[in-house]
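What follows is one structure encoded as structure tokens, with my remarks underneath.
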Amino acid sequence: MPAFQTSPGMRDILPADTARWRRLNAVFAEIAGSAGYGQVITPLLEDIGVFTRIGDATDVVTKEMYDFRDKGDRHVSLRPEMTASVCRSFAQHRPAALPWKVWYTGSNFRYEKPQRGRFRQFDQVGIEVLGVDDAHLDVEVIALAWEFYAALGLTEVNLIVNSLGEPEDRAAYVEALRTHFESSDLTEQGRATLAKNPLRVLDSKREGDAAAVAAAPTIADFYSSEAAQHFATVQSGLQRLGIPYTVEPKLVRGLDYYRRTIFEFQGGTLDSAQNALGGGGRYDGLVEALGGPATPGIGFALGVDRTLLACEDEGVFGDDTAPVDVFVVDVVGGQEAVAITAELRAAGFSADRGYDNRSMKAQMKLANRSAAPLAIIVGEEEVASDSVIVRPMARDAGDQQRISRSDLISHLKETS
RNA sequence: GUGGUCAUAGCUCAAUAGGUAGAGCACCAGGUUGUGAUCCUGGCGGUUGGGGGUUCAAGUCCCCUUGGCCACCCCA
């Protein structure tokens, strides 16, 4: 066992996997960029107040934050999510041109018990839009996430939407829920949840709570006409775009700041409890809570790790390896390889080489393992005749050739 | 945080009722003078996650601890 290993819930992403990470991020950046979103990069560390504004009924804030006092005695926390940071950034810089459309990618930290698809340091990609109340924006935001999954090649993704209504609707509904559950048969844990946040009882997976949850009042009965209209516009927009969705009246989300439209993407292939690939919603009021002007906002965050798990389940990744163009085998000391790889790279070819002056057989094995289509071989004969061997590595790629040393680059350019 | 389960070479796993650790892959070196991918031979490699206990003897039993996984919880 190694003397040191990663902390619980944290891990190294090794070269074998990072290609997928880069692809995922590249796809996301492309989609967000094509819709007029700019990237925002916010600090990993924020004043803890930025996050406590999110709400005191969510475990993310009350139990799971990596908070501590820095050397200046500031109470800070590693960010447990991105939305609050983005809203803080908006309140701090007050961009004049609205809407402010941004996307981001990065790590978040939550001190939870790790499981598959649930890490203490986990990555998200997401977007936030501040300053527009339009229900059509809700449609755009949801559609972008949908497009992203499609662009990755995922097909088993289910979109679930709901509306929490206007703040007053939501408040009235919460009271109705409280009344209902207080007179219902709930488990002990269910009662504890009820005391903190009645909405979350709807999320219970305990059998003992199932009957009470099934009999609970539904949010749809509490919508004001504005909320109902907003939600109807969102749904008709999704239909117009041909995006399949399911309305789930019992969908509630973990963070307390959501109002009106909320949505979640579930992976059809993920049978574990961690099947939420991503989610988001409207959070009008969050910027104000962070000291900014009253500003409507909406966005989503998608879990990179879970999305990658879904990609793996659906087999959307082909061969990730990106071999170099050329592998240089030098059995005359290595100086030739130094010069040749430098020339090749300067000419635009990617090139790797063998080291430690190993035997030709050993270096050829390295060349083979590198999957480079071509090997350049330099031995005594080549040095003596001022030439190199250019050897195609594939079985059916023909014979090797001896090329004049000075013609190497031009020869490769002609044949590639 | 609660409950359950697992932990053996770099990786995937073996090891009869406790008797003192093995295979495949990978890696390295050879297979008659420069050339890989197949094949053959050999080699490297583990105080069996860590600590303590029971026993003549523990990878195999007990306790503690660390970590993975699963469920609850929470959420992406």
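Note that the structure is a prediction, hence the values are computed from the model and not measured. The sequence lines fix the lettering, A, B, ..., with proteins before strands; numbering per chain opens at 1. Computed from heavy atoms alone, side chains included, the values below leave out hydrogens, waters and symmetry copies.
- A donor-acceptor contact under 3.5 angstrom links the side-chain atoms of Glu382(A) to the base of G34(B).
- Relative to the side chain of Arg395(A), the nucleotides C74(B), G36(B), A37(B) differ in distance, and A37(B) lies closest.
- Among the atoms of the strands shown, none is found under 4.0 Å from any heavy atom of Arg11(A).
- As judged by a 4.0 angstrom heavy-atom cut-off over every strand, Arg79(A) is placed among residues making no nucleic acid contact.
- Searching all strands for a Watson-Crick or G-U wobble partner of A57(B) with both distances below 3.5 Å returns nothing.
- Look at Arg206(A) and Glu188(A) and you find no salt bridge, because none of the NZ, NE, NH1 or NH2 atoms lies under 4.0 Å from a carboxylate O.
- A sub-4.0 Å separation between OP1 or OP2 of C74(B) and a side-chain N or O of Arg110(A) is absent.
- Contact check on Arg282(A) versus Asp284(A) returns a salt bridge, with a Lys/Arg side-chain nitrogen under 4.0 Å from an Asp/Glu carboxylate oxygen.
- The side chain of Lys361(A) approaches G36(B) more closely than any other nucleotide in the set C74(B), G36(B), G34(B).
- A donor and an acceptor atom, one from each side chain of Gln124(A) and Asn108(A), are located under 3.5 Å apart.
- Spacing of C1' atoms, A17(B) relative to C61(B), comes out at 13 Å, to the nearest Å.
- Rounded to whole Å, the separation between the P atoms of U8(B) and G68(B) comes to 14 Å.
- Between Thr307(A) and A76(B) there is no side-chain N or O to OP1 or OP2 distance below 4.0 Å.
- You'll find that the side chain of Gln189(A) is closest to C73(B), out of C73(B), A37(B), C75(B).
- Using the Watson-Crick or G-U wobble rule with both distances under 3.5 Å, A26(B) pairs with nothing in any strand shown.
- The one candidate from Leu130(A), Val40(A), Thr42(A) that meets the side-chain contact (heavy atoms from CB on, under 4.5 Å) condition with Val102(A) is Val40(A).
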Verify salt bridge (Lys or Arg N to Asp or Glu O under 4.0 Å) between Arg178(A) and Glu175(A), making sure each step is shown before the conclusion. CA-CA 5 Å; Arg178(A) 196 190 307 278; Glu175(A) 278 321 301; 3.4 Å; yes

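- Note on Asp17(A) versus Arg11(A): no salt bridge recorded, every NZ/NE/NH1/NH2 to OD/OE distance being 4.0 Å or above.
- For Gln266(A) against A76(B), a side-chain-to-base donor-acceptor contact under 3.5 Å is absent.
- Look at Arg358(A) and you'll find a side-chain N or O under 4.0 angstrom from OP1 or OP2 of C28(B).
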Polar atom pairs between nucleotides 64-69 of chain B and protein, under 3.5 Å, N or O only, would you list them?
residue : atom : partner : partner atom : Å
G68(B)  : OP1  : Gly9(A) : N            : 3.1

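- When all heavy atoms are compared, the tightest approach of Asp330(A) to Ala337(A) is OD2-N, 2.8 Å.
- Note on Glu64(A): only backbone sugar-phosphate atoms sit closer than 4.0 angstrom, heavy atoms only; bases stay farther off.
- You'll find that the side chain of Arg391(A) is closest to U35(B), out of C74(B), C75(B), U35(B).
- The aromatic rings of Phe263(A) and Phe300(A) lie perpendicular to each other, with more than 60° between the two planes, well past the 30° mark.
- Proximity of residues 363-372 of chain A to RNA chain B (heavy atom under 4.0 angstrom from any strand atom) is restricted to Met364(A), Lys365(A), Asn368(A), Arg369(A).
- With U35(B), A29(B), G36(B) as the candidates, the nucleotide lying closest to the side chain of Ile377(A) is U35(B).
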